[in-house]
Colleague: 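My questions all concern the structure below.
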Amino acid sequence: MDTGVHVVILAAGKGTRMKSPLPKVLHPICGRPLLAWVVDQALSLGPAGITLVVAEDADAVVEVAREAARDVPLSVAVQTQQRGTGDAMRAAAASFGANPDTPDRVVVLYGDMPLLTPGSLTGLVEAQAQAGPGGMALLTAVVDDATGYGRVLRGADGAFQRIVEHKDASDAEREVCEINLGLYAFSSVTLAADLPRLSNDNVQGEFYLTDLCGMAAEAGRGVEVRSLQDPEEGLGINDMTQLAEAQRVLQGRINAEHMRNGVRIDDPATAYIQHGVTIGAGTHILPCCVIAAGVVIGSGCEVGPFSQLRPGTVLEDGAEIGNFTECKNTVMGAGAKAKHLTYLGDTHVGAKANIGAGTIFANYDGKTKHKTQVGERAFIGSGTIVVAPNTIPAGVTTGAGAVVTRGAKIEAGETWIGLPARKHASSKDEK
Ligand code: UD1
Ligand code: CA
């Protein structure tokens with residue numbers, strides 16, 4: 001009986017080339033850690049469980065993986081010394097090896113490869129099913145520069161033979177441009193039987209997981225090789241340049257999905273829309289905007305150019321945020337506008353309110369953040385400063401340059417002007 005897939009994510013590598021105090025797999029890409037993108041890949045296979053292999057002291061890494069794994073059981077295997085990918089798999093084996101409930105197949109992913117698509121991974125699992133009893137499958141890519149990678153060696157008939165690591169390869173073998181990506185689907189029974197047979201008799205003195213592929217071929221078991229149609233999917237993150245490259249690709253995918261949903265994006269190359277943003281159809285995003293993870297934007301809104309929507313921003317239908325305007329933890333009601341040079345922090349703006357150019361909601365007193373409410377159809381004059389906490393009721397007008405001090409007692413429909421702002425004598429009659 002087919003009991004599905006167990007996924008192992010290898011993430012115990014040191015990541016020294018990042019030259020960063022942050023663990024490699026915690027570097028954010030489009031607003032979420034690299035590892036969370038990989039856990040998503042695992043989830044796309046509908047796994048029965050996930051094992052994460054980490055080095056010691058990786059609590060923060062484990063926490064990110066647990067959150068991303070949602071309700072799929074996640075086991076953690078600690079690899080105390082980084083003695084190679086085969087050794088890392090041995091550390092993981094305890095979580096699936098002797099367990100009779102282990103799914104039939106074990107898929108290996110790398111914690112630093114965020115671009116693989118569900119289609120490619122499903123292809124890998126299907127290939128393993130075609131490999132016959134105890135067979136395996138691996139993903140490869142054909143690249144121009146294979147330096148550093150394991151090479152896929154084939155016989156004269158094209159049949160897979162084994163993988164040779166760059167450092168162990170002869171000059172002739174280094175000419176091969178089909179590389180091993182390090183992603184495999186194994187039969188769990190065969191994997192558990194073969195792992196103890198790995199040796200570290202090689203140039204690097206490491207236990208190579210790749211040797212399992214050669215063992216399978218030698219034993220006459222099926223080895224199915226699938227090559228990525230788009231080698232870009234196989235990009236692994238080792239340094240800051242590759243991190244930026246991966247972000248560019250994932251940003252492109254995020255923006256493409258919004259456009260498929262009817263969002264108009266003038267310049268996708270400068271639309272920095274992080275993961276997990278909701279945008280309604282008919283909304284227009286102008287150039288050079290930064291929109292944080294979790295922001296919610298309704299339909300028919302306009303954002304930009306040069307706007308920043310930070311966490312906690314909600315734009316209701318038809319709201320407009322214009323140039324050099326920043327929102328943080330702010331709700332803009334339906335049809336409300338703040339079009340120029342404005343800071344909206346911890347603010348709730350009612351429907352159809354107009355926030356004039358250069359308005360600042362001063363939310364921070366040096367110690368704590370405070371909230372401001374602006375009622376429906378309020379008209380905040382250019383250059384107004386509202387010191388929080390404050391409540392500007394519906395229909396209120398402030399004059400240009402007004403400074404509304406903390407906790408002002410303002411009633412609906414009044415006009416307030418000056419510094420500090422006071423009620424304009426005949427304000428109610430004026431309306
Ligand atoms: C490995 C493959 C190589 C392939 C390359 C693709 C082996 C022996 N070689 O190279 O054929 O072309 O991946 O990128 O498998 N890791 C651990 N513990 C370890 C070592 C590595 O968890 O002791 C993890 C790393 O965090 C990373 C992954 O395994 O996610 C790959 O490690 P890396 O050192 O980049 O791969 P290589 O062994 O050089
Ligand atoms: Ca290595």
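Whatever order the structure lists ligands and atoms in, that order sets their numbers, starting from 1. All residue numbers in this chain count up from 1 along the given sequence.
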Colleague: Under 4.0 Å from a heavy atom of Gly150: give me the atoms of ligand 1 that qualify, with their elements.
Modeller: 3 (C), 4 (C), 11 (O), 12 (O)

Colleague: Does Thr117 have any side-chain contact (heavy atoms from CB on, under 4.5 Å) partners at least two apart in sequence or in another chain, and if so, which?
Modeller: Ser120, Glu233, Arg253

Colleague: With rounding to the nearest 0.5 angstrom, report the CD1 to SG distance, Ile291 to Cys30.
Modeller: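 One finds 12.5 Å between CD1 of Ile291 and SG of Cys30.
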
Colleague: Looking only at side-chain N and O atoms, does His370 offer a donor or acceptor that is under 3.5 Å from a partner on Asp346?
Modeller: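 Their side chains do not contain a donor-acceptor pair, so the 3.5 Å distance test is not met.
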
Colleague: I'd like to know whether His284 forms a side chain to side chain contact (heavy atoms under 4.5 Å, CB included) with Asp266, so could you lay out the CA-CA distance, the side-chain angles of the two residues, the decisive distance to 0.1 Å, and finally the verdict.
Modeller: CA-CA 8 Å; His284 182 192; Asp266 286 348; 2.9 Å; yes

Colleague: Measure from the side-chain N and O atoms of Thr330 to the backbone N and O of Lys328, and report whether any donor-acceptor pair falls under 3.5 Å.
Modeller: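 A pair under 3.5 Å: yes.
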
Colleague: Measure Ile179 to ligand 1 on non-hydrogen atoms and call it side chain, backbone, both or neither using the 4.0 Å cut-off.
Modeller: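 Looking at Ile179 and ligand 1, no heavy atom falls under 4.0 Å.
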
Colleague: Determine, considering heavy atoms only, which of Arg17, Gln79, Gln82, Met113 sits nearest to atom 17 (C) of ligand 1.
Modeller: Gln79

Colleague: In terms of atom number and element, which parts of ligand 1 are under 4.0 angstrom from non-hydrogen atoms of Tyr208?
Modeller: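 Counting from 1, the qualifying ligand atoms are 8 (C).
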
Colleague: Hey, is Asp87 one of the residues with a heavy atom under 4.0 angstrom from ligand 1?
Modeller: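 No.
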
Colleague: In terms of atom number and element, which parts of ligand 1 are under 4.0 angstrom from non-hydrogen atoms of Ala88?
Modeller: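 Ligand 1 atoms under the 4.0 Å threshold to Ala88: 17 (C), 18 (N), 22 (O).
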
Colleague: So which of Val8, Asn202, Asn180, Asp211 gets nearest to atom 5 (C) of ligand 1, if we judge by its closest heavy atom?
Modeller: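 Among Val8, Asn202, Asn180, Asp211, the closest heavy atom to atom 5 (C) of ligand 1 comes from Asn180.
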
Colleague: Is the number of heavy atoms from other residues, nucleotides or ligands within 6.0 Å of CD (Gln82) greater than 12?
Modeller: yes

Colleague: So, regarding Tyr184 and ligand 1 (criterion: nitrogen or oxygen to nitrogen or oxygen, under 3.5 Å), is there a contact or not?
Modeller: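 Such a contact does not occur with ligand 1.
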
Colleague: I want to know if ligand 1 touches Tyr110 in the polar sense, i.e. an N/O pair below 3.5 angstrom.
Modeller: yes

Colleague: Please enumerate all residues that pass salt bridge (charged side-chain N to carboxylate O under 4.0 Å, His left out) together with Lys352, with sequence neighbours excluded.
Modeller: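 Scan of Lys352 (salt bridge (charged side-chain N to carboxylate O under 4.0 Å, His left out), adjacent residues dropped) gives none.
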
Colleague: Which of the listed options, Lys167, Glu165, Met89, holds the heavy atom that is closest to atom 3 (C) of ligand 1?
Modeller: Glu165

Colleague: Going by heavy-atom distance to atom 19 (C) of ligand 1, choose the closest among Gly182, Gly84, Ala12.
Modeller: Gly84

Colleague: Please work out which of Leu212, Leu198, Leu183, Thr85 has its closest non-hydrogen atom nearest to atom 15 (O) of ligand 1.
Modeller: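 Nearest heavy atom to atom 15 (O) of ligand 1 lies in Thr85.
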
Colleague: Going from CD on Glu245 to CG on Asp239, what distance comes out if it is rounded to the nearest 0.5 angstrom?
Modeller: 10.5 Å

Colleague: Do ligand 1 and Leu209 have nitrogen or oxygen atoms that lie under 3.5 Å from each other?
Modeller: no

Colleague: Purely on distance, is any nitrogen or oxygen of Leu10 under 3.5 Å from one on ligand 1?
Modeller: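 N/O-N/O distance under 3.5 Å: yes.
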
Colleague: Any luck finding a side-chain donor-acceptor pair between Tyr184 and Asn180 under 3.5 Å?
Modeller: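 Asn180 and Tyr184 do have a side-chain donor-acceptor pair below 3.5 Å.
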
